[in-house]
Amino acid sequence: MQVAVVTFDGFNELDSFIASALINRCRGDGLEAFVTTPTPVVTSMNGVEVTGQRPMEFVTEADVVLIGSGVRTRDVVADDRLVSTLRLDPSRQLIGAQCSGALVLARLGLLGDMPVCTDRKSRPFVEACGVTVLDVPFHAEGDIATAGGCLASQYLATWVIARTLGEDTVRGVLDYVAPVGENRETVERALRAVHMGETALR
């Protein structure tokens, strides 16, 4: 199973790197993430240059697509050519968005009346699209999920791993990366956030 971590110019490092790093701890179980970029090299909001592992066309074949956030997301959604490369299919893909990535889901018409999570700075722009923003870190309906707040990227990764490989695998991954002495708390908090985000509006 392949995961496209969509990463645009001006990206937030926490969004792309946390999600991809956690998911890639599952390579041995057949789940692998790739930083997917519209150009060969993208530069983060803090000036870090990263070479993409896959081109944007990869999103059409990926089993999971996670759309990262960044300081130029509004430019992304205004770029018709770039948006046209994001041919996503929620009937066969898990699709997630981090913070301002919710703007991309709205632009693609994937949300319908689904509420989303996003960060404080992106919230007014998401609401201007007619989308309801929730005051929680994670929300999912069916095969679409959103997370709000940079460190909530761990919840997107938790959701992906749980949906594809199961909770036992999630527990193993999070237990390993958790701060020493906070293992159980870290694991339970992530799983609780995802469970609550999946059931809150049922």
Side-chain angles (χ1 to χ4, degrees), residues 1-46 48-70 73 76 82 85-90 92-102 104-105 108 110 117 137-138 140 143-178 186-187 190-191 193-194 197:
M1 292 172 286
Q2 300 184 108
V3 182
V5 180
V6 178
T7 304
F8 300 109
D9 222 25
F11 72 96
N12 184 319
E13 300 95 332
L14 294 173
D15 296 351
S16 292
F17 296 158
I18 290 176
S20 60
L22 291 177
I23 291 168
N24 277 330
R25 290 189 173 276
C26 302
R27 282 196 190 104
D29 295 309
L31 182 66
E32 188 168 10
F34 300 91
V35 173
T36 302
T37 57
T39 54
V41 176
V42 291
T43 304
S44 78
M45 61 191 292
N46 293 306
V48 179
E49 291 189 349
V50 172
T51 300
Q53 296 173 290
R54 294 289 186 275
M56 197 60 73
E57 291 76 14
F58 175 63
V59 301
T60 61
E61 61 184 88
D63 304 287
V64 182
V65 179
L66 300 181
I67 300 173
S69 184
T73 308
V76 169
L82 183 52
T85 66
L86 292 166
R87 295 187 295 277
L88 308 185
D89 183 357
R92 65 172 187 82
Q93 295 174 308
L94 295 180
I95 300 170
Q98 177 71 37
C99 293
S100 65
V104 178
L105 297 189
L108 292 171
L110 295 176
C117 303
F138 177 86
D143 293 337
I144 297 178
T146 57
C150 302
L151 294 180
S153 54
Q154 66 183 296
Y155 301 152
L156 272 183
T158 295
W159 177 71
V160 169
I161 298 168
R163 287 290 304 270
T164 56
L165 298 174
E167 283 196 10
D168 286 345
T169 304
V170 172
R171 289 179 180 277
V173 169
L174 295 178
D175 181 73
Y176 186 88
V177 303
T186 300
V187 172
L191 288 171
V194 170

Could you pull out the closest heavy-atom pair between V187 and D175, with the gap in Å?
CG2-N, 3.6 Å
Please report the shortest heavy-atom distance between L88 and P90, naming the atom on each side.
O-CD, 3.8 Å
Backbone N/O of G149 and side chain of Q98: donor-acceptor pair under 3.5 Å:
yes
At what distance, to the nearest 0.5 angstrom, does CG of L22 lie from OG of S153?
7.5 Å
What is the distance from atom CD1 of I67 to atom CG of L110, rounded to the nearest 0.5 Å?
7.5 Å
Straight-line distance of I144 CD1 to Q93 CD, nearest 0.5 Å:
10.5 Å
Among residues two or more places apart or on two chains, list those pairs meeting salt bridge (Lys or Arg N to Asp or Glu O under 4.0 Å) that have a residue in residues 8-17.
D9-R72
Shortest non-hydrogen pair, P38 vs L82, comes out as CB-CD1, 3.6 Å
If I compare all heavy atoms of T146 with all of C117, which pair ends up nearest, and what's the gap?
OG1-N, 2.8 Å
Closest contact, heavy atoms only, A97 versus L105:
CB-CD1, 3.6 Å
Of all residues at least two apart in sequence or in a different chain, which pass the ring-ring contact (aromatic ring centres under 6.0 Å, His included) check with Y155?
none
Less than 4.5 Å apart, side chain to side chain, heavy atoms only: is that true for M56 and L86?
yes
Nearest atoms (heavy-atom pairs only) where C99 meets C150
SG-N, 4.0 Å
Using side-chain heavy atoms (C-beta onward) and a distance below 4.5 Å, is V173 in contact with C26?
yes
List for me each residue that meets side chain to side chain donor-acceptor pair (under 3.5 Å) alongside T158, sequence neighbours excluded, and say none if there are none.
none
Gap between atom CE of M45 and atom CG of L14 - 0.5 Å precision
9.0 Å
In short, salt bridge (Lys or Arg N to Asp or Glu O under 4.0 Å) pairs touching residues 18-39 with sequence neighbours left out are R27-E32
State which residues pass side chain to side chain contact (heavy atoms under 4.5 Å, CB included) with M1; sequence neighbours excluded, sorted by chain then number.
L31, D63, T164, L165
Side-chain (T73) to main-chain (S69) donor-acceptor, under 3.5 angstrom:
no
Got a sec, which residues hit side chain to side chain contact (heavy atoms under 4.5 Å, CB included) with R92, two or more places apart in sequence or on another chain?
D89
The criterion is salt bridge (Lys or Arg N to Asp or Glu O under 4.0 Å); which residues satisfy it with D143, sequence neighbours excluded?
R163
Please work out which of the three classes, parallel, tilted or perpendicular, describes the rings of W159 and F138, given edges at 30° and 60°.
tilted
Residue list, side chain to side chain contact (heavy atoms under 4.5 Å, CB included) with T37, at least two apart or on another chain
T7, V35, V42
Between L174 and I161, is a side-chain contact (heavy atoms from CB on, under 4.5 Å) present by the stated rule, with each step listed?
CA-CA 11 Å; L174 295 178; I161 298 168; over 6 Å; no
Only counting residues at least two apart or in another chain, list the ones meeting side chain to side chain contact (heavy atoms under 4.5 Å, CB included) with A178.
N183, T186
Side chain to side chain donor-acceptor pair (under 3.5 Å) with T36: which residues, sequence neighbours excluded?
none
Rounded to the nearest 0.5 Å, how far apart are OG1 of T39 and CZ of F8?
10.5 Å
Under the 3.5 angstrom rule, does the side chain of N46 hit a backbone N or O of V48 as a donor-acceptor pair?
no
Could you walk me through whether V59 and T85 satisfy the side-chain contact (heavy atoms from CB on, under 4.5 Å) test, starting with their C-alpha distance in whole Å, then the side-chain angles of each, then the deciding distance to 0.1 Å, before giving a yes or no?
CA-CA 8 Å; V59 301; T85 66; over 6 Å; no
